[in-house]
Amino acid sequence: MEKYNKTNGKVLPLDRANVDTDQIIPAKYLKRVERTGFGQYLFDAWRKLPDGTPNPEFILNDDRYNGATILVAGPNFGSGSSREHAPWALNDYGFRTIIAPSFADIFRNNCFQNGMLPIVLDQAIIDKIIEKSSKNPDYSLTVDLESGVISDSEELTIEFTIDSFKKHCLLEGLDDIGLTLSEESMIKNFESRHVIS
Amino acid sequence: MGKTLFDKIWDEHVVVQDIDKPSLLYIDLHLIHEVTSPQAFDGLRDTNRKVRRPELTIATVDHNVPTKDRHLPIADQISRTQIEYLDRNVKEFGITYYGMNSAGQGIVHVIGPEQGYTQPGKTIVCGDSHTSTHGAFGALAFGIGTSEVEHVLATQCLRQSKPKTMEVRVDGTLPFGVTAKDIILGVIGQIGVDGAVGHVIEYTGEAIRSLSMEGRMTVCNMSIEAGGRAGMIAPDETTYEYLKGRPHCPKGRNFDKAIEKWDQYKSDPDAEYDKVVIINAEDLAPFVTWGTNPGMVAKITDSVPNPDSFELESQQLAGQKALEYMQLNAGTPITDIPLDRVFIGSCTNSRIEDLRAAAEVVKGYKVSETVNAMVVPGSFKVKEKAEKEGLDRIFKESGFEWRDAGCSMCLGMNPDILSPGERCASTSNRNFEGRQGPGGLTHLVSPQMAAAAAIQGTFVDIRDWSFR
């Protein structure tokens, strides 16, 4: 897994609550057997008008935000289906950092599995970031995972917390399965006393 | 302080507990399907790893499969490839498989319990958010992503942070016409689609106790729609009665011994939950969702709400967006909403009792000329049983299509989808934008309410129905 340390990137503000994984990537694109190439379908239904042409109202189609790498959204981001295709699509499109007031549990876990960083911040700070990046499409944030600080080039400096083990895994780019396999003797021991009917 | 049902199962499955890491948890049953597993098997091959306990892994195909003309090759080549991938993977790794034309095929959350794999006290995972269904048996069951599927295949373990607990107590007796589906829609309507994030819900109370196993599965199934990590109900006589004689359950004296063990899986009287929600069954009614998430519910006797009346500005905005997408106006009585399609099926409501309840409603009636209606049994076993009971004839005579088992129109990933602008009364679990097909408009209801809507052409209060 690719290490996550520090990033500086443009912000894409997506001011919506309860963005579900069916919106992040609709089910019809889940038929592929690869992990890659899902970015082109990110927010597919919102990006297109019924006739298939780009929806000019949707922020992802606004060229001024091209190259954004930090997605900032409303609460309960990633709710619904467990599809890991959702973080795959976000990552593939270029969003490795997602900031929201809260995340759905499975989506959050799936992000960590892919070296992506979901950050929880207070709604009031999110509102401020969304306001700034809506006014100025070049607005960018620096996210420093090691020190747990997000800052912009102006006055904003805010600390965020993240589970210490998840942080360690992201910083080192660790393979979760390899770590668990190193507990082989403990697993064997557990299996010898654990009966499954 | 005593332990909750959740605590007991969790503690029993902790393999390693380091202070600086989430728990390493043992998994007793791993269910897999075609959509979220191919990349996991590729991962195993890439790293030269094998499946640690193939005998604890069960596979089926459900999301992609067509629900008619199964004898023909699948028309969609990408869907076909995904299914063939699973066919090959289960062979290569030695996994029990209920393939497309197997007599045991069905929706993964229907066949687990049906075959007796789902049992009290087990930890159960699947690359599917509706894995919470299995919690109805007093199991700890939750959905995972594909990387975690690979993790479980390789290690039979998962690293998990311990969730919090939440009791949802439903007191009293369910009124006539109010079903398990209405309980859970009522719960989500009250606590919201993120009301249980980070929590495992335990459902308790008289109204829950009086539900059948299938009703309990419907309730636990939609725990994820409230954001819950899992939903659980302590096992009791109803659970044991359901499990007795199932192919993969202990038999004879071993079954009695198993019950002795299963009886311990209940919360201690002095156990405490992190959150408690109390609902009175008498306050519930048949519900219909009006918006684009399962928390946007109204009683059948109500009208489409006016978002301006909502408390928070964010709710007002979300409500307006939802009405716009759903092509509805505030103030329209729910019973005036006309329908184009009716779907009875999905892991929420496709079991034999659901089909019986729907058949009872449609018996002697014809489907409205303006409606296209279908019934999709949750498994081939359910289909077989329904046909033995003559339910298929009731549905067909009434004008319903009678299909083969699968996820079908729950999620718009197989040929069964809504056309843009089509409005559907659906017994499934998600009314997200485009969930049943791009531009499709979904209203979630119970099987009885869906059946009555198919006849009437609009929503109708099932409590006023004249059964024939």
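We name chains A, B, ... by the order of the sequence lines, and we start the count at 1 in each one.
Counting only heavy atoms from C-beta outward, the side chains of A:H194 and B:H13 approach each other to under 4.5 Å. In this structure, A:E34 and B:D42 have side chains that are not in contact, with every pair of non-hydrogen atoms separated by 4.5 Å or more. Using a 4.5 Å heavy-atom cutoff, the side chains of A:K188 and B:V15 are not in contact. Taking 4.5 Å as the limit, every side-chain heavy atom of A:S82 sits out of range of all side-chain heavy atoms of B:H130. Two residues are said to be in side-chain contact when any heavy atoms from C-beta on lie closer than 4.5 Å; B:V193 and A:N76 meet this criterion. Between B:Q82 and A:R32, every side-chain heavy-atom pair lies at or beyond the 4.5 Å cut-off. B:S161 has its side chain within reach of A:K166: a pair of non-hydrogen atoms, C-beta onward, lies under 4.5 Å apart.
Options A:A17, A:P75, A:S81 differ in how many heavy-atom pairs under 4.5 Å they form with chain B, and the most are formed by A:S81. For chain A, the option among B:G227, B:P250, B:G43, B:S79 with the highest count of heavy-atom pairs below 4.5 Å is B:S79. The greatest number of non-hydrogen atom pairs below 4.5 Å with chain B, out of A:E184, A:R83, A:K48, is found for A:E184. Each of A:R35, A:R108, A:M186 has some count of heavy-atom pairs under 4.5 Å with chain B, and the biggest count is that of A:R35. Interface summary for chain B: among A:T21, A:D105, A:N109, the most heavy-atom pairs under 4.5 angstrom belong to A:D105.
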Run the side chain to side chain contact (heavy atoms under 4.5 Å, CB included) test on A:I187 and B:Y26 for me, step by step, so that the C-alpha distance in whole Å, both residues' side-chain angles and the decisive distance to 0.1 Å come before the verdict. CA-CA 8 Å; A:I187 300 174; B:Y26 202 78; 4.1 Å; yes

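With a threshold of 4.5 angstrom between heavy atoms, B:R430 approaches chain A through side-chain atoms but not through N, CA, C or O. For A:F165, the parts lying under 4.5 angstrom from a heavy atom of chain B are both the backbone and the side chain. Interface residue B:A154: backbone and side-chain heavy atoms are both found under 4.5 Å from chain A.
At least one donor-acceptor pair closer than 3.5 Å links the side chain of A:E84 to the backbone N or O of B:S147. Looking only at distances, a side-chain donor or acceptor of A:Q23 sits under 3.5 Å from a matching main-chain atom of B:E433.
No donor-acceptor contact under 3.5 angstrom links the side chains of A:H168 and B:D20, judged on distance only. Counting only N and O atoms by type, the side chains of A:W88 and B:Q39 include no donor and acceptor under 3.5 Å apart.
When all heavy atoms of A:T180 and B:H151 are compared, the pair lying nearest together is OG1-NE2, 2.8 Å.
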